[in-house]
Amino acid sequence: ARVPTQSLGTTVPLALVSLFFLDLLVITVRHRRMFIPRYGRKHRLMGGAFLLLLVLGYYDAARHTFSRPLFDILLSLAGIALAVTAATGFGRAHKASVVRNRASGALGEEATVTAEEMWEHSFYQGINLLQIAYVHAVKALPGVGARLIACLAA
């Protein structure tokens, strides 16, 4: 398959995102000990896997080598796993009865996301998964008429 020629419109954003991920990698390597403690380890490792998946997605944006539906579904599943590992890894210490926030979620400077909000995040990641699966399923339908019916049926 022929790889499409990159334009300035895709090269510049990819270069900027690459700089961001390079900076993140340098910080992560510098603080690699954060993966050692047991408390929240699954969430930290899942976060690393999620970031790697994002890097693959940015790489693919220029190369078009991966199946877009498969990537989108994997990204959604990783998002669900990230929220669930946060809720299970930090849950007891982040119960709403323990955390005292002035605002919902992490909107305040000193705010902490509660375990209940972590579970809520996993629910909305599941909604995102259903939406992306639906979008790809409709796209796969033959003809505009079938797509229109599927959209109206939703």
Evaluation steps, side chain to side chain contact (heavy atoms under 4.5 Å, CB included), between Trp119 and Thr88:
CA-CA 9 Å; Trp119 286 110; Thr88 57; 3.9 Å; yes
Can you check whether [Y]'s main-chain N or O pairs, donor with acceptor, with [X]'s side chain at less than 3.5 Å?
| X | Y | result |
| --- | --- | --- |
| Arg147 | Lys139 | yes |
| Tyr134 | Leu129 | no |
| His43 | Phe90 | no |

For residues [X] and [Y], report the shortest heavy-atom separation together with the two atoms involved.
| X | Y | value |
| --- | --- | --- |
| Ala115 | Ala87 | O-CB, 4.3 Å |
| Ala78 | Phe50 | CB-CD1, 3.6 Å |
| Ser122 | Ile80 | O-CG1, 4.1 Å |

Examine [X] and [Y] and state if one hydrophobic cluster contains both, with Ile, Leu, Val, Met, Phe, Trp and Tyr joined whenever side-chain heavy atoms are less than 4.5 Å apart.
| X | Y | result |
| --- | --- | --- |
| Leu70 | Leu54 | yes |
| Ile149 | Val135 | no |
| Phe123 | Leu82 | no |

Measuring from atom [atom1] of [X] to atom [atom2] of [Y], what distance do you get when rounded to the nearest 0.5 angstrom?
| X | Y | atom1 | atom2 | value |
| --- | --- | --- | --- | --- |
| Leu51 | Met46 | CG | CE | 10.0 Å |
| Leu53 | Leu75 | CG | CG | 5.0 Å |
| His121 | Gln125 | NE2 | CD | 9.5 Å |
| Ile127 | Gln131 | CD1 | CD | 7.0 Å |
| Leu22 | Ile27 | CG | CD1 | 10.0 Å |
| Leu77 | Ile73 | CG | CD1 | 7.5 Å |

Verify side chain to side chain contact (heavy atoms under 4.5 Å, CB included) between Leu74 and Phe71, making sure each step is shown before the conclusion.
CA-CA 5 Å; Leu74 285 174; Phe71 174 79; 5.6 Å; no
Glu120 vs Glu116, side chain to side chain contact (heavy atoms under 4.5 Å, CB included): CA-CA, chis, key distance, verdict
CA-CA 6 Å; Glu120 181 182 5; Glu116 292 80 1; over 6 Å; no
Passes side chain to side chain contact (heavy atoms under 4.5 Å, CB included), Val17 versus Val55? Steps please.
CA-CA 9 Å; Val17 168; Val55 169; over 6 Å; no
